[in-house]
Amino acid sequence: MNPFVGGTERDLAQAVAAWSASLTERIPAAEKDGMIPRDVVAELGRLGVLGICIPEDDGGLGGSAVAFALVLEELAAAWPSLAVAVAVNSGIVAGSIVRSGSPEQRKRWLPRLMDGSGLGAFALTEPTSGSDAAALRATAVQDAKGWRLDGRKQFITNARYAPLAIVFARVGKLDESHRTAGITAFAVPLDAPGVSVGPPEQKLGLKASDTSALSLDDALVGPDAVLGEVGGGFALAMWALDGGRINIAAQSVGIARRALELARTYAKERKQFGRPIADFEGLRFSIAKAESNLAAARLLTLRAAWLRDRGKPSTREASMAKLFASEMAQRATHAAVQIFGGNGYMRDYAVERYARDGRATTIYEGTSEIQRIVIARSLIAA
Ligand SMILES: Cc1cc2nc3c(=O)[nH]c(=O)nc-3n(C[C@H](O)[C@H](O)[C@H](O)COP(=O)(O)OP(=O)(O)OC[C@H]3O[C@@H](n4cnc5c(N)ncnc54)[C@H](O)[C@@H]3O)c2cc1C
């Protein structure tokens, strides 16, 4: 029996953990190449991991947000770049199509996001609009053949693997009194005329996760490319990012957990002053504090996922989970590097990679500052 199907959420996560541990030796070469090997993506598809959150009627595993969070924790513990790629494909991209896609769009795109032939992209950020996503400038104009898109998207995860990107563009002029008006989501095939992907960004971490620009130059897509309603794109993006933030929180938990596991093992082996450094109270306190915060972050993450699974309001809880878990991951990975001493700064030990990879978690899908704004707004009425 395929261990990825039919078990509990925990069984699924354990199966993913066992499989992803088998990739360890491949990570250095893939990080150098700047790509997750295609056969690894294909295997994720074959195992069903890419379809975890896709309903069974659409061919997926029909798993919950809780199951996905547990799986992402395991993927991130094994290889953060892989977790990011899966989170974008199977979380915000597939999730948006499940939520707003027509039956034809679901039939066309969901199998391709699940089968491991590629990884979908979510294209919201532009050179002049990041945190202020409603200021996006990409435009969409309808003509007799369909929709013509113009604009430039930047920092787009999976762009070089993608069969499709969900592109957010504005129909009509920017109205400063209602800035989200006209923003529309389009399911854009990456082989559509006028669509091009830029060279991969050179990043601090997450080096095997592709991050590239996406240009739309009079790009032509069919009349059926609109995802949901014209003008409904901003609400869809925010709904997707509520889920995405839970997924980044789960990644943060996985990153911190593995960095601390590595540090604990090292501390028991490394001797100074004639004793394992794990005997020193200063170091033990650092581990105790980091592990306590890790446990708290996991609970916040699972609470937000549980609420989302039940269709309950979860925007604030998702932002709290992302804020707390991503900042926890900064502290935990830095503490882990410190425990390794000089070795922690060297590429020979994986712990430095977790510190670099974890750095992005306080930035993408809404910075820590934006999470604080979301949390405060929900608590203090304007
Ligand atoms: C590795 C990586 C992958 C990414 N993948 C994707 C992707 O797949 N798709 C996609 O669309 N985007 C993606 N992004 C983009 C990411 O979501 C943005 O970088 C992020 O939202 C921040 O936007 P910005 O970079 O434009 O920063 P800015 O918005 O310019 O912010 C700069 C600084 O100002 C702060 N700031 C801004 N506004 C406020 C405010 N009102 N109050 C207080 N502080 C504020 C920010 O918190 C930040 O510290 C990715 C980014 C990275 C690093």
Side-chain angles (χ1 to χ4, degrees), residues 31 34-36 76 79-96 113 118-138 151-162 164-170 179 183 185-186 188 190 197-198 200-216 227 233-234 236-245 247-248 251-252 255 318-319 322-323 326-327 329-330 353 355-377 382:
E31 295 267 311
M35 291 285 281
I36 292 157
W79 190 2
S81 287
L82 187 59
V84 176
V86 173
V88 170
N89 175 78
S90 306
I92 52 179
V93 177
S96 297
L113 296 175
L119 292 168
F122 187 88
L124 179 64
T125 304
E126 300 181 0
T128 53
S129 61
S131 301
D132 186 10
L136 65 80
R137 292 181 178 181
R152 189 175 143 81
K153 299 289 178 178
Q154 75 172 6
F155 305 157
I156 305 307
T157 300
N158 294 340
R160 282 192 300 152
Y161 298 83
L164 97 148
I166 298 181
V167 172
F168 295 86
R170 192 183 305 276
R179 297 165 80 231
I183 296 178
F186 293 87
V188 176
L190 278 237
V197 176
E201 298 290 349
Q202 300 302 308
K203 308 192 291 297
L204 172 70
L206 297 172
K207 288 186 180 279
S209 161
D210 174 48
T211 314
S212 303
L214 191 66
S215 294
L216 305 145
L227 204 50
F234 194 78
L236 177 61
M238 293 305 113
W239 175 87
L241 291 177
D242 275 355
R245 287 166 184 168
N247 300 337
I248 309 267
Q251 285 168 35
S252 307
I255 289 170
S319 284
K322 198 228 179 218
L323 173 64
S326 62
E327 301 218 328
Q330 311 309 306
R353 178 162 51 78
R356 285 187 291 105
D357 290 354
R359 189 64 192 85
T361 59
T362 64
I363 297 172
Y364 50 31
E365 300 199 21
T367 62
S368 289
E369 290 74 23
I370 296 305
Q371 304 315 319
R372 290 188 181 97
I373 290 171
V374 171
I375 295 163
R377 192 190 294 139

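Atoms considered below: every heavy atom in the structure, side chains included; atoms not considered: hydrogens, waters and symmetry mates. When a ligand or atom number is given, it counts from 1 through the structure's own listing order.
For Ser129, no nitrogen or oxygen atom sits less than 3.5 Å from a nitrogen or oxygen atom of ligand 1, counting backbone and side chain alike. Annotation: Thr125 places an N or O atom under 3.5 Å from an N or O atom of ligand 1; distance criterion only. Taking any N or O of Glu369, backbone or side chain, at least one lies under 3.5 Å from an N or O belonging to ligand 1. Residue Ala123 places no N or O, backbone or side chain, under 3.5 Å from any N or O of ligand 1. An N or O contact shorter than 3.5 Å links Thr367 to ligand 1 by distance. Considering backbone and side-chain N/O atoms, Phe122 comes within less than 3.5 Å of an N/O atom of ligand 1.
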Is there a ring pair (Phe, Tyr, Trp, His ring centres under 6.0 Å) between Phe234 and Phe168? Walk through the geometry before answering.
CA-CA 8 Å; Phe234 194 78; Phe168 295 86; 8.6 Å; no
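Among protein heavy atoms, atom 8 (O) of ligand 1 sits closest to Thr157 N, 2.9 Å. The protein atom (non-hydrogen) at minimum distance from atom 39 (C) of ligand 1 is Ile370 CD1, 4.2 Å. Atom 26 (O) of ligand 1 has as its closest protein heavy atom Gly130 CA, 3.2 Å. The protein non-hydrogen atom at the shortest distance from atom 4 (C) of ligand 1 is Phe155 O, 3.1 Å.
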When the side chains of residues 201-208 are checked against the rest of the protein, which donor-acceptor pairs come out under 3.5 Å, sequence neighbours left out?
residue : atom : partner : partner atom : Å
Lys203  : NZ   : Leu206  : O            : 3.1
Lys203  : NZ   : Ser209  : O            : 2.6
Lys203  : NZ   : Thr211  : OG1          : 3.0
Lys207  : NZ   : Lys203  : O            : 2.6

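The nearest protein heavy atom to atom 11 (O) of ligand 1 is closer than 4.0 Å. Distances from atom 46 (C) of ligand 1 to the protein include at least one heavy-atom value under 4.0 Å. The nearest protein heavy atom to atom 2 (C) of ligand 1 is closer than 4.0 Å.
Annotation for Leu124 and Lys153: closest pair O-NZ, 3.2 Å, computed over non-hydrogen atoms. Contact between Asn158 and Gly120 at its shortest, heavy atoms only, is ND2-O, 3.0 Å.
With a 4.5 Å cut-off on side-chain heavy atoms, Asp242 and Trp239 do not count as touching.
Within the structure, ligand 1 has Ile363 among the residues with a heavy atom less than 4.0 angstrom away.
For ligand 1 and Leu124, the ligand atoms under 4.0 Å from any heavy atom of the residue are 11 (O). Near Ile156, the atoms of ligand 1 lying under 4.0 angstrom from a non-hydrogen atom of the residue are 7 (C), 8 (O), 9 (N), 10 (C), 11 (O).
Contact annotation for Ile373 and ligand 1: only side-chain heavy atoms (C-beta onward) come within less than 4.0 Å of the ligand. Within the 4.0 Å heavy-atom criterion, the part of Glu365 lying near ligand 1 is the backbone and not the side chain.
Atoms CG and NZ, from Leu241 and Lys322 in turn, are 9.5 Å apart once rounded to the nearest 0.5 Å. A distance of 11.0 Å separates CG of Leu119 from CG of Leu164, quoted to the nearest 0.5 Å. Here the straight-line distance linking atom CZ of Arg372 with atom CG of Leu323 works out to 5.0 Å at 0.5 Å rounding.
Proximity of a side-chain donor or acceptor of Tyr364 to a complementary backbone N or O of Phe155 within less than 3.5 Å is not detected. Between the Arg353 side chain and the Trp79 main chain, no donor and acceptor come within less than 3.5 Å of each other. With Thr361 contributing its side chain and Gly358 its backbone, the two residues share a donor-acceptor pair below 3.5 Å. For Gln371 (side chain) and Gly366 (main-chain N/O), a donor-acceptor pair under 3.5 Å exists by modelled atom type.
Of the listed options Gly205, Ser368, Ser131, Ser131 places a heavy atom closest to atom 31 (O) of ligand 1.
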